[in-house]
Amino acid sequence: MDFKQQVTTALMGVLGDSLPADKVAQLIETPKTSDLGDYAFPTFILAKTLRKAPQQIAQDLVAEIDQSGFEKVIANGPYINFFLDKAVFSDQILTTILTEGANYGQSNLGKGGNVPIDMSSPNIAKPISMGHLRSTVIGNSIAKIMTKVGFNPIKINHLGDWGTQFGKLIVAYKKWGSEAAVKADPITNLLKYYVKFHQEDVAHPELDDEARAWFRKLEAGDEEATQLWSWFRSESLKEFQKIYTMLGVEFDSFNGEAFYNDKMDSVVNALEAKGLLHESRGAEIVDLSDYNLNPALIKKSDGATLYMTRDLAAAMYRHDTYNFVQSLYVVGGEQREHFNQMKAVLKEMGNDWSDEIRHIPFGLITQGGKKLSTRSGRVILLEEVLNDAVQLASAQIEAKNPDLPNREEVAKQVGIGAVIFHDLKNDRLDNFDFDLEEVVRFEGETGPYVQYTNARAQSILRKANQEVTMDADLIVSDANAWDVLKMLSNFPDMIIKASQEYEPSVIAKYALRLAKAFNKYYANSKILADDDQKNARLSLVKSVSAVLEASLALLGVQAPKAM
RNA sequence: GUCAUAGUAGCUCAGCUGGAUAGAGCAACGGUCUUCUAAACCGUAGGUCGCGAGUUCGAAUCUCGCCUGUGACACCA
């Protein structure tokens with residue numbers, strides 16, 4: 001039964017023709033606190049047509065309304081407050097969750113449509129930083145959320161595996177590098193060579209010429225250059241894989257920039273054929289003044305292609321390959337203009353599917369208020385942050401629960417869970433200043449708080465020593481349980497909201513509120529008391545755990561059964 | 001300068017398709033472990049919702065202007 005529909009029907013019974021049903025449904029709101037009821041209807045809009053004070057209207061309507069099926073319906077000032085029948089609600093929601101299990105909240109809005117998601121995308125030979133973490137975990141969570149509403153996401157790691165920096169890298173490696181060092185610690189040493197190159201080329205500008213020459217060789221398919229490039233790439237990837245494993249993120253494609261090398265000519269040709277390409281200041285551009293945008297640079301004055309060219313090729317490749325219903329790019333907000341340009345160019349080419357391309361921007365991470373950058377040395381290495389977090393979690397377990405079995409495993413789940421959750425709990429667009437203590441906090445509104453709540457629920461289920469049955473009605477009448485039951489019923493709506501807004505924080509905030517409601521119930525009620533509602537209470541605990549675990553899963557956070 | 005994005009408690013943020021006394025967490029202060037995991041729970045204190053107009057029965061929420069922060073503004077990605 002749809003409870004909101006029940007309220008709408010009741011209202012329509014007394015409103016007559018004064019308001020259409022969809023308008024009524026739209027006006028029904030959820031009061032801030034349970035003591036004001038479960039649904040409320042404000043009567044202000046009726047004041048004009050009925051020529052009565054809203055307070056009076058509320059009273060009059062309540063007197064006429066059919067209250068059957070509700071616990072009570074009362075007038076409260078200008079509002080009509082509806083209190084649902086708690087027994088019916090309790091039984092219905094708990095039965096639904098126990099029956100559907102992990103499928104609770106699943107829908108098929110997406111009808112199986114393909115949704116490529118451009119995410120993570122680190123640069124070869126450079127370490128993965130906190131900035132990449134955002135794209136990785138946001139993209140991963142969106143993929144899970146999209147799956148839950150029936151889409152088929154395709155996670156694409158658009159690696160930064162091409163560009164002039166590879167010329168520099170090859171020069172540096174040949175001058176100062178060693179195979180053994182790269183094999184032992186690829187990222188650290190490749191980065192070292194790269195940095196040394198930039199130090200040396202100040203005094204020795206001829207290095208830049210060498211680098212350019214090597215990059216040209218690479219582009220021409222020179223065997224040695226290609227072999228080195230491919231080796232750097234695979235060593236880097238191995239290193240990245242360690243971090244992805246820690247984060248529990250998997251990809252469907254690692255087609256990066258290099259993959260589109262042979263696909264750019266056709267883009268340029270197509271633009272030319274449609275007469276969109278213009279020469280300006282020596283470069284080839286597409287004019288976008290109709291869109292109030294700067295021109296899109298397709299070719300540099302030296303004839304070389306650019307980021308835009310490559311992304312256009314990638315966009316078209318993804319369209320042709322996946323026939324997507326949406327194409328997402330989880331990329332920092334500073335690239336807004338770029339994606340607007342890209343969509344505009346595709347549109348100019350006559351591709352109306354360009355409307356289904358969505359840039360999912362996110363805020364910047366700063367340190368001490370300053371932007372991070374590899375060159376200036378302000379980098380926060382993700383691996384270090386994750387390791388620190390695991391260590392802190394381990395210390396926490398030592399202090400709180402030293403007898404816990406498989407402590408190391410749990411420390412990883414909790415430490416890394418804290419980092420991921422911290423990144424996802426706020427609006428994507430919020431900037432945040434990096435503070436390790438803040439990121440790996442275990443108390444308050446954090447991932448570990450949600451995990452801990454679930455661990456407590458699991459602990460009760462273990463101690464109960466009895467299976468939850470659905471033989472009798474699952475009625476939990478405890479007042480403290482009411483908010484928990486209502487929170488449980490909200491989960492499907494939250495998933496839909498999160499999917500429409502591409503906002504994992506919707507799920508994270510929901511999980512926090514559910515956990516909070518459950519902890520309050522837990523602190524005030526004896527769940528394992530032997531009375532006739534014990535089975536019902538256990539079904540509530542089981543449902544809470546199921547939904548908490550499902551929520552964490554949507555965020556890509558693990559849920560240990562004990563911690 | 002243009003465009004985008006943000007400004008809510010000491011700090012970090014919810015709330016923003018208009019609605020009932022503006023909510024959390026952290027930090028501070030004070031309570032609760034002989035009873036299901038105290039990574040928890042309860043309480044106290046803390047706010048001109050950047051500023052000023054406008055629309056409305058009603059504005060943190062919508063419109064306009066201003067101030068401040070951040071980002072982007074063609075040959076990087």
Side-chain angles (χ1 to χ4, degrees), chain A residues 26-27 29 31-33 36 40 42-45 47-48 53-54 76-79 81 121 123 158 160 162-165 257 280-286 288 292-308 310-311 331-338 340-341 361 363-364 366 369 371 393 396-397 399-401 404 414 418 422 425-427 429-433 435 437-438 441-453 455-464 505 509 512-513 515-516 518-529 537-538 541 562-563:
Chain A
Q26 196 192 330
L27 284 165
E29 51 190 85
K32 285 178 208 162
T33 53
L36 289 169
T43 58
F44 303 101
I45 23 93
K48 266 183 194 163
N76 187 341
Y79 290 86
N81 291 344
S121 311
N123 295 317
H158 190 76
W162 200 255
T164 47
Q165 72 268 25
E257 295 172 6
S280 168
R281 300 184 213 172
E284 301 277 333
I285 64 151
V286 175
L288 297 174
N292 202 18
L293 290 167
N294 284 316
L297 271 158
I298 304 299
K299 270 191 172 180
K300 299 207 273 188
S301 41
D302 66 1
T305 54
L306 284 140
Y307 178 44
M308 179 60 72
R310 207 171 287 276
D311 259 9
V331 178
E334 65 274 18
Q335 290 194 39
R336 270 201 166 84
E337 173 99 352
H338 168 76
N340 286 336
Q341 290 177 321
L364 226 54
T366 53
K371 197 177 169 179
Q396 192 77 198
I397 292 168
K400 307 266 182 189
N401 197 357
L404 184 72
V414 173
H422 174 267
K425 83 170 168 181
N426 289 134
D427 192 308
L429 286 172
D430 287 355
N431 295 337
F432 75 85
D433 201 64
D435 176 0
E437 261 183 65
E438 187 63 36
R441 187 156 244 137
F442 299 134
E443 289 158 19
E445 296 173 329
T446 64
Y449 173 81
V450 179
Q451 290 173 318
Y452 176 71
T453 307
R456 285 174 124 188
Q458 283 294 322
S459 173
I460 288 185
L461 295 173
R462 282 191 298 272
K463 292 220 161 98
S505 70
K509 278 168 194 144
L512 285 170
R513 278 189 292 148
K516 197 170 169 56
F518 179 73
N519 276 324
K520 183 171 187 162
Y521 170 64
Y522 178 101
N524 292 293
S525 303
K526 182 79 182 162
I527 294 161
L528 290 178
R537 284 194 301 270
L538 286 171
V541 174
M563 64 185 269

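These figures come from a predicted structure and were not determined experimentally. In what follows, chains are A, B, ... by sequence order, proteins preceding strands, each numbered from 1.
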Euclidean distance for [atom1], [N] against [M] (whole angstrom):
| N | M | atom1 | result |
| --- | --- | --- | --- |
| B:C16 | B:C11 | P | 23 Å |
| B:A59 | B:U12 | C1' | 26 Å |
| B:U8 | B:A22 | C1' | 8 Å |
| B:C29 | B:U21 | P | 33 Å |
| B:U37 | B:G30 | P | 29 Å |
| B:G25 | B:U44 | P | 12 Å |
| B:G46 | B:A38 | P | 31 Å |
| B:A4 | B:C13 | C1' | 22 Å |

Using every non-hydrogen atom in the two residues, find where [X] and [Y] come nearest and quote the distance to one decimal.
| X | Y | result |
| --- | --- | --- |
| A:P78 | A:P54 | CB-CB, 3.7 Å |
| A:R336 | A:L429 | NH2-CD2, 3.7 Å |
| A:P448 | A:V414 | CG-CG1, 3.9 Å |
| A:N294 | A:Q341 | O-NE2, 3.0 Å |

Heavy-atom nearest nucleotide on RNA chain B for A:N81 versus A:E257: which residue maps closer to 5'?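 Nearest nucleotide further toward 5': that of A:N81.
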If you pin A:G160 and A:F44 to their nearest nucleotides in RNA chain B, which one's is more 5'?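 Of the two residues, A:F44 wins.
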Which whole-number value in Å describes the distance from [X] [atom1] to [N] [atom2]?
| X | N | atom1 | atom2 | value |
| --- | --- | --- | --- | --- |
| A:E337 | B:C73 | CD | P | 8 Å |
| A:R336 | B:G71 | CZ | P | 14 Å |
| A:L27 | B:G18 | CG | P | 10 Å |
| A:E443 | B:A38 | CD | P | 13 Å |
| A:L512 | B:C26 | CG | P | 11 Å |
| A:L429 | B:U70 | CG | P | 17 Å |
| A:Q458 | B:A39 | CD | P | 18 Å |
| A:L288 | B:A72 | CG | C1' | 15 Å |

Hunt down the Watson-Crick or G-U wobble partner of [N], both distances under 3.5 Å, from any strand shown, or write none.
| N | answer |
| --- | --- |
| B:A40 | B:U32 |
| B:G18 | none |
| B:G23 | B:C13 |
| B:U55 | none |
| B:A60 | none |
| B:A4 | B:U70 |

Could you tell me whether the side chain of A:I298 reaches within less than 4.5 Å of the side chain of A:M308, counting heavy atoms only?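 When only atoms from C-beta onward are counted, A:I298 and A:M308 do touch, with a gap below 4.5 Å.
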At under 4.0 Å between heavy atoms, what does [X] touch on the DNA or RNA strands: base, sugar-phosphate, or nothing?
| X | result |
| --- | --- |
| A:P54 | nothing |
| A:R281 | base |
| A:F442 | base |
| A:S280 | base |
| A:L306 | sugar-phosphate |
| A:A47 | nothing |
| A:A296 | nothing |

Would you give the length of the straight line joining atom [atom1] of [X] to atom [atom2] of [Y], rounded to the nearest 0.5 angstrom?
| X | Y | atom1 | atom2 | result |
| --- | --- | --- | --- | --- |
| A:E443 | A:Q396 | CD | CD | 6.5 Å |
| A:Q335 | A:D311 | CD | CG | 8.0 Å |
| A:K463 | A:L528 | NZ | CG | 8.5 Å |
| A:K425 | A:Y449 | NZ | OH | 12.0 Å |

Per-nucleotide protein contact string for nucleotides 30-37 of chain B, where B marks a base within reach and S marks sugar-phosphate only (heavy atoms under 4.0 Å, - for neither): -----SBB
Regarding A:N426 and A:S505, do their side chains bring together a donor and an acceptor under 3.5 Å, going by distance alone?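 Checked: A:N426/A:S505 side chains show no N/O donor-acceptor pair below 3.5 Å.
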Given the rule in the side-chain contact (heavy atoms from CB on, under 4.5 Å) test, do A:V541 and A:F518 qualify, once you have shown the distances and angles that lead to the verdict? CA-CA 8 Å; A:V541 174; A:F518 179 73; 4.1 Å; yes
Show the distances under 3.5 angstrom between N or O atoms of the protein and N or O atoms of nucleotides 7-13 of chain B.
from	atom 1	to	atom 2	distance (Å)
B:C13	OP1	A:N431	O	3.4
B:C13	O3'	A:N426	ND2	3.3
B:C13	O3'	A:D430	OD2	3.0
B:C13	O2'	A:N426	ND2	2.9

For B:C57, does OP1 or OP2 lie under 4.0 Å from any side-chain N or O of A:K48?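 True: A:K48 side-chain N/O within range (under 4.0 Å) of B:C57 OP1/OP2.
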Below 4.0 angstrom from OP1 or OP2 of B:A40, is there any side-chain N or O of A:K516?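 It does not, given that no N or O in the side chain of A:K516 lies less than 4.0 Å from OP1 or OP2 of B:A40.
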Ring geometry between A:H422 and A:F432 (parallel below 30°, tilted from 30 to 60°, perpendicular above 60°):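 Perpendicular, since the angle between the ring planes exceeds 60°.
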Quick one: do A:N431 and A:T366 satisfy side-chain contact (heavy atoms from CB on, under 4.5 Å)? Show the steps, please. CA-CA 8 Å; A:N431 295 337; A:T366 53; 5.9 Å; no
Assign B:C33 to syn or anti; the rule is syn for a glycosidic angle within 90° of 0 and anti otherwise.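 Here the answer is syn: the torsion falls within 90° of 0.
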Closest nucleotide among B:G71, B:C75, B:A40 to the A:L364 side chain: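 Looking only at side-chain atoms, A:L364 lies closest to B:G71.
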